[in-house]
Chemist: 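Have a look at this one.
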Amino acid sequence: MTLSLRQIGGLFALFFLVGVSLFQTVRIHGAQLDLPLVGAIGPEGLLAENMRLKSEANNANSARDYARFLASLQKARAERSYRQATKETDNAIETSLRNELARVRSFVAAGGLPNNQIRAEPALAATGDHDTRIDARSSELPKLDGLFDPPIVRVFAADVELCTINTVKAREWRQWGMKLQRLSSRDSLPK
């Protein structure tokens with residue numbers, strides 16, 4: 001029996017339509033065939049496999065959302081501890097400044113430094129036969145011509161107070177930086 005070209009084309013079209021219909025049916029409703037050797041087409045069909053994969057995707061999304069939640073908790077905890085460390089440092093600076101400035105002022109009041117002198121003249125140093133003037137604002141140092149005695153520089157109470165303030169702040173902010181480093185290196189994940 002020989003088939004004409006027209007008959008072969010018709011059979012091909014018929015098989016194609018049946019195949020597409022079967023594919024659409026399996027895709028939409030799942031293949032409800034009892035083939036235990038093929039897992040996806042087995043008793044539950046493709047629809048069950050699709051449901052299983054959707055469930056796994058949902059579980060992965062839930063795990064991702066939970067990880068983001070934990071990360072936001074960890075970030076909030078770290079920011080709270082950093083803010084607390086900063087407040088503690090501010091309080092420590094205020095306390096230290098009060099104490100240290102009180103010590104400087106009592107030292108000045110006891111005659112340790114001249115209190116209200118104006119810096120009109122550079123400090124004068126007597127070095128043997130020579131008078132060497134040093135201006136603290138100048139970047140040039142006087143030549144001492146091999147003499148041993150260094151020039152004398154006068155320090156004022158305002159200078160001591162400013163240096164005390166800067167030293168206290170630098171010391172406390174250094175401690176703050178070291179504390180932040182310790183806080184950021186510890187494991188602070190919520191358990």
Side-chain angles (χ1 to χ4, degrees), residues 1-105 139 158-191:
M1 173 166 146
T2 58
L3 296 174
S4 69
L5 193 55
R6 185 176 257 178
Q7 290 172 338
I8 292 175
L11 284 175
F12 179 75
L14 180 66
F15 284 130
F16 179 77
L17 287 175
V18 168
V20 168
S21 297
L22 182 63
F23 175 76
Q24 288 293 351
T25 302
V26 167
R27 189 178 67 82
I28 294 172
H29 300 290
Q32 300 295 328
L33 304 174
D34 191 18
L35 298 175
L37 298 177
V38 181
I41 304 177
E44 288 110 22
L46 290 178
L47 190 59
E49 181 69 12
N50 187 22
M51 296 299 281
R52 184 187 67 78
L53 292 175
K54 281 184 182 178
S55 174
E56 286 180 9
N58 287 338
N59 289 342
N61 288 338
S62 296
R64 182 198 62 218
D65 292 342
Y66 183 66
R68 284 182 179 166
F69 172 72
L70 289 179
S72 68
L73 284 179
Q74 180 179 1
K75 181 180 177 186
R77 180 182 292 165
E79 287 175 352
R80 269 194 312 273
S81 65
Y82 296 163
R83 271 194 295 279
Q84 182 64 30
T86 304
K87 285 180 184 178
E88 289 171 1
T89 300
D90 283 339
N91 293 338
I93 286 174
E94 287 179 25
T95 303
S96 294
L97 278 177
R98 256 193 320 272
N99 295 338
E100 294 299 324
L101 288 176
R103 287 181 54 209
V104 166
R105 289 181 184 128
S139 62
D159 296 334
V160 174
E161 285 185 13
L162 181 64
C163 289
T164 302
I165 290 170
N166 291 338
T167 301
V168 166
K169 286 182 178 181
R171 182 179 57 225
E172 295 297 334
W173 287 118
R174 179 180 178 275
Q175 293 297 323
W176 172 78
M178 291 171 36
K179 186 174 187 176
L180 285 187
Q181 189 174 11
R182 282 191 307 273
L183 287 173
S184 66
S185 66
R186 76 172 188 209
D187 182 21
S188 58
L189 281 175
K191 305 263 188 226

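Note that the structure is a prediction, hence the values are computed from the model and not measured.
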Chemist: Check Val104 against Val160 and note the closest heavy-atom contact, atom names and distance.
Modeler: CG1-CG1, 3.7 Å
Chemist: Is it true that atom CZ of Arg52 has more than 12 heavy atoms of other residues, nucleotides or ligands lying nearer than 6.0 Å?
Modeler: yes
Chemist: Mark yes or no for whether Ser185, through its side chain, and Arg182, through its backbone, hold a donor-acceptor pair below 3.5 Å.
Modeler: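 A pair under 3.5 Å: yes.
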Chemist: Is there a donor-acceptor pair closer than 3.5 Å between any side-chain N or O of Ser62 and the backbone N or O of Asn58?
Modeler: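 Yes, Ser62 side chain to Asn58 backbone: donor-acceptor pair under 3.5 Å.
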Chemist: For Arg6, look at atom CZ and say whether over 12 heavy atoms of other residues, nucleotides or ligands are found less than 6.0 Å away.
Modeler: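 No, because the 6.0 Å sphere around CZ of Arg6 holds 12 heavy atoms or fewer from other groups.
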Chemist: Leu183 and Ala85: which non-hydrogen atoms are nearest, and at how many Å?
Modeler: CD1-CB, 4.2 Å
Chemist: Look at atom CZ of Arg103 and say whether more than 12 heavy atoms of other residues, nucleotides or ligands are closer to it than 6.0 Å.
Modeler: no
Chemist: Step through the shown structure and confirm whether more than 12 heavy atoms of other residues, nucleotides or ligands are within 6.0 Å of CD on Glu56.
Modeler: yes
Chemist: Can you see which heavy atom on Ser96 is nearest to which on Val168, and at what distance?
Modeler: CB-CG1, 3.5 Å
Chemist: Examine the side chains of Trp173 and Thr89 and answer whether a donor and an acceptor come within less than 3.5 Å of each other.
Modeler: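 No, Thr89 and Trp173 have no side-chain donor paired with an acceptor closer than 3.5 Å.
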Chemist: So, taking the atom named CD1 in Ile8 and the one named CZ in Phe12, what distance separates them when rounded to the nearest 0.5 Å?
Modeler: 11.5 Å
Chemist: Does Phe69 offer a backbone N or O that forms a donor-acceptor pair with the side chain of Ser72 under 3.5 Å?
Modeler: yes
Chemist: Out of curiosity, Thr164 OG1 to Glu161 CD, how far, rounded to the nearest 0.5 Å?
Modeler: 7.5 Å
Chemist: At what distance, to the nearest 0.5 angstrom, does NZ of Lys169 lie from CG of Asp90?
Modeler: 10.0 Å
Chemist: What's the spacing between Tyr82 OH and Thr86 OG1 if we round to 0.5 Å?
Modeler: 10.5 Å
Chemist: Heavy atoms, side chains only, cut-off 4.5 Å: are Gln175 and Lys179 in contact?
Modeler: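 With C-beta onward as the side chain, the pair stays apart.
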